[in-house]
Amino acid sequence: EAAVTQSPRNKVAVTGGKVTLSCNQTNNHNNMYWYRQDTGHGLRLIHYSYGAGSTEKGDIPDGYKASRPSQENFSLILELATPSQTSVYFCASGDGGLGGYYAEQFFGPGTRLTVL
Amino acid sequence: GDSVTQKQGQVTLSEDDFLFINCTYSTTTYPTLLWYVQYLGQGPQLLLKVTTANNKGISRGFEATYDKGTTSFHLQKASVQESDSAVYFCALALNYNQGKLIFGQGTKLSIKP
């Protein structure tokens, strides 16, 4: 069964440290996305990618970098983590290039990040 | 610009009650309207999608309808169960957005047993 997996599932980091969140998809989708979810804000798009080697800024990219080394893998990098980046992070994949009706995204289980 | 608004942050119902969640949207093009459900500890998963052509979708006892006149779309269920406790998101998909979704803020549904 096609799936989106994320690692780690839980992470505790220190302020100023580097954090890398990883995502792998077996859907063979071109597009991948990183969101964060905070109470009262719903899902906010951080970075996305249209394929290997491409990354695009989403709505809240500040403080985050992304890397898409292959079709299957998409990473979110926090070079200097801050307590304000404490959140739940979701990765998703999709084939929205086929048009709006096909814009369904498939989500991973999430990573809970705490920055102390 | 394009946007979607989901004002009901939390809804508390009893079992067998009727559920109605509303979202309004703004766009100058033809949207596909999606409903996602997120159970505790999981990622969101697609529940239903509706286009301006078909006006209605049905899945797992839920029904999604679309009203072009008020640019709103609704999620409803005739009789909720405790297992329906979750967060429900509406989302907007646009042809030119190349797969990006515009999400509402989410509605947390709690069911009293």
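Below, read A as the first sequence line, B as the second, and so on, with proteins coming before strands; counting in each chain starts at 1.
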Name the member of B:P44, B:P31, B:G43 that forms the most heavy-atom pairs with chain A at distances under 4.5 Å. B:P44
Part of A:R112 lying under 4.5 Å from any heavy atom of chain B: neither
Whether the side chain of A:Q105 engages the backbone of B:G99 through a donor-acceptor N/O pair (distance < 3.5 Å, no angle test) should be reported. yes
Report which part of B:Q42 has an atom under 4.5 Å of a heavy atom belonging to chain A: side chain, backbone, both, or neither. backbone
A:T15 side chain vs A:L116 backbone, donor-acceptor pair below 3.5 Å: yes
Below 4.5 Å from any heavy atom of chain A, which atoms of B:K108 appear? Answer side chain, backbone, both or neither. neither
Contact origin within B:Q6 toward chain A - heavy atom pairs under 4.5 Å: neither
Correct closest heavy-atom pair for B:A91 and B:F73 would be O-CZ, 3.9 Å
In terms of heavy-atom proximity below 4.5 Å to chain A, should B:Y36 be classed as side chain, backbone, both, or neither? side chain
Applying a strict 4.5 Å limit to non-hydrogen atoms, the region of A:Q37 in contact with chain B is side chain
Determine whether the side chains of B:T27 and B:T29 contain a donor N or O and an acceptor N or O closer than 3.5 Å. no
Do the non-hydrogen side-chain atoms of A:W34 and A:L21 ever get within less than 4.5 Å of each other? yes
Ring centroids only, cut at 6.0 angstrom: are A:H29 and A:F106 within range, meaning strictly under it? yes
Ranked by heavy-atom pairs below 4.5 Å to chain A, first place among B:Q105, B:Q38, B:Q45 goes to B:Q38
